K.L.:
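I have a structure I would like to understand better, so I am pasting it below and will then ask my questions one at a time.
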Amino acid sequence: DAGITQSPRHKVTETGTPVTLRCHQTENHRYMYWYRQDPGHGLRLIHYSYGVKDTDKGEVSDGYSVSRSKTEDFLLTLESATSSQTSVYFCAIANYRGPNEKLFFGSGTQLSVL
Amino acid sequence: AQKVTQAQTEISVVEKEDVTLDCVYETRDTTYYLFWYKQPPSGELVFLIRRNSFDEQNEISGRYSWNFQKSTSSFNFTITASQVVDSAVYFCALSGNKETSGSRLTFGEGTQLTVNP
């Protein structure tokens with residue numbers, strides 16, 4: 001299994017508070033992604049990174065920011081959490097060096113915003 | 001823009017039946033990649049297959065097989081002789097050209113497969 005750790009695994013917070021989710025990898029993969037999973041929507045890309053300090057927006061980036069100051073860590077921040085951001089958040093990593101490249105996913109973070 | 005459509009929200013079969021999960025995609029890229037992932041009740045996402053747009057060969061892996069047809073923009077997944085352990089949500093996904101889209105992976109909404117004993 002790929003070395004990806006998401007923390008925390010579960011979090012309950014209140015509307016208006018800042019929240020930071022962490023994705024840590026030990027694979028030295030270049031690409032890192034944050035997705036959210038909601039019923040009826042599959043997985044939707046929030047932000048992604050293609051290198052240290054290189055990030056770009058996905059399809060549902062409003063209300064989220066990211067940072068990647070070193071290869072192994074990709075942080076997702078909700079500046080002021082809202083109830084609509086209650087979701088399961090998945091981090092993924094990839095390297096795309098060979099013909100069988102694929103994304104490896106972390107175990108997910110269940111976030112509840114009350 | 002990329003889009004993946006999995007029209008079947010839920011499928012229920014009896015063990016040992018064959019079942020096909022449909023996936024239709026849209027992309028303007030000439031080079032792209034298609035994936036299937038499995039999400040069992042435990043919640044993790046398990047990679048099943050990756051297919052390049054220039055390789056239309058069908059693939060078989062044990063009881064699993066995939067039918068890729070560029071002419072209809074479809075990448076269907078068949079489970080032969082289904083088992084209870086196949087019960088999961090299955091996601092089809094599309095990744096565009098690495099150089100132009102940074103390998104964004106767009107997912108369909110998923111198909112919940114329930115295999116009853």
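What you see is a predicted model; the values in this text were computed from it and never measured. First the proteins, then the strands, lettered A, B, ... as listed; each starts at 1.
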K.L.:
From Ile79(B) CD1 over to Asp18(B) CG, what is the distance, rounded to the nearest 0.5 angstrom?
P.N.:
10.0 Å
K.L.:
Applying a heavy-atom distance below 4.5 Å, give me the residues of residues 56-70 of chain A that approach chain B, sorted by number.
P.N.:
Asp56(A), Lys57(A), Gly58(A)
K.L.:
Once side chain to side chain contact (heavy atoms under 4.5 Å, CB included) is applied, do any residues pair with Thr82(A), and if so which ones, sequence neighbours excluded?
P.N.:
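Here the qualifying residues are Ser84(A), Gln85(A).
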K.L.:
Determine which residues belonging to residues 55-67 of chain B lie within contact range of chain A, meaning some heavy atom pair is under 4.5 Å apart, and list them by number or answer 'none'.
P.N.:
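Contacts with chain A: none.
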K.L.:
Under a 4.5 Å heavy-atom cut-off, does chain A meet the side chain of Gln6(B), its backbone, both or neither?
P.N.:
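Looking at Gln6(B), nothing touches chain A.
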K.L.:
Can you list, pair by pair, the side-chain donor-acceptor contacts under 3.5 Å of residues 110-117 of chain B, counting residues two or more places apart and other chains?
P.N.:
| residue | atom | partner | partner atom | Å |
| --- | --- | --- | --- | --- |
| Thr111(B) | OG1 | Gln8(B) | O | 2.6 |
| Gln112(B) | NE2 | Ala88(B) | O | 3.4 |
| Asn116(B) | ND2 | Ser12(B) | OG | 2.9 |
| Asn116(B) | ND2 | Val13(B) | O | 3.4 |

K.L.:
Under a 4.5 Å heavy-atom cut-off, does chain B meet the side chain of Leu43(A), its backbone, both or neither?
P.N.:
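Both backbone and side chain.
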K.L.:
Let me confirm one number: the CG-CH2 distance from Leu48(B) to Trp36(B), rounded to the nearest 0.5 Å.
P.N.:
9.0 Å
K.L.:
Is atom CD of Glu15(B) surrounded by more than 12 heavy atoms (other residues, nucleotides or ligands) closer than 6.0 Å?
P.N.:
yes
K.L.:
Over 60° means perpendicular and under 30° means parallel, so classify the ring planes of Tyr48(A) and Tyr33(A), tilted if in between.
P.N.:
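Parallel.
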K.L.:
Cut-off 3.5 Å, side chains only: do Asn28(A) and Arg30(A) have a donor facing an acceptor?
P.N.:
no
K.L.:
Taking atom NZ of Lys70(B) as the centre, report whether more than 12 heavy atoms of other residues, nucleotides or ligands fall under 6.0 Å from it.
P.N.:
yes
K.L.:
Do the ring planes of Phe105(A) and Phe90(A) sit parallel (below 30°), tilted (30 to 60°) or perpendicular (above 60°)?
P.N.:
perpendicular
K.L.:
Are Thr20(B) and Asn76(B) close enough that a side-chain donor and a side-chain acceptor fall under 3.5 Å?
P.N.:
no
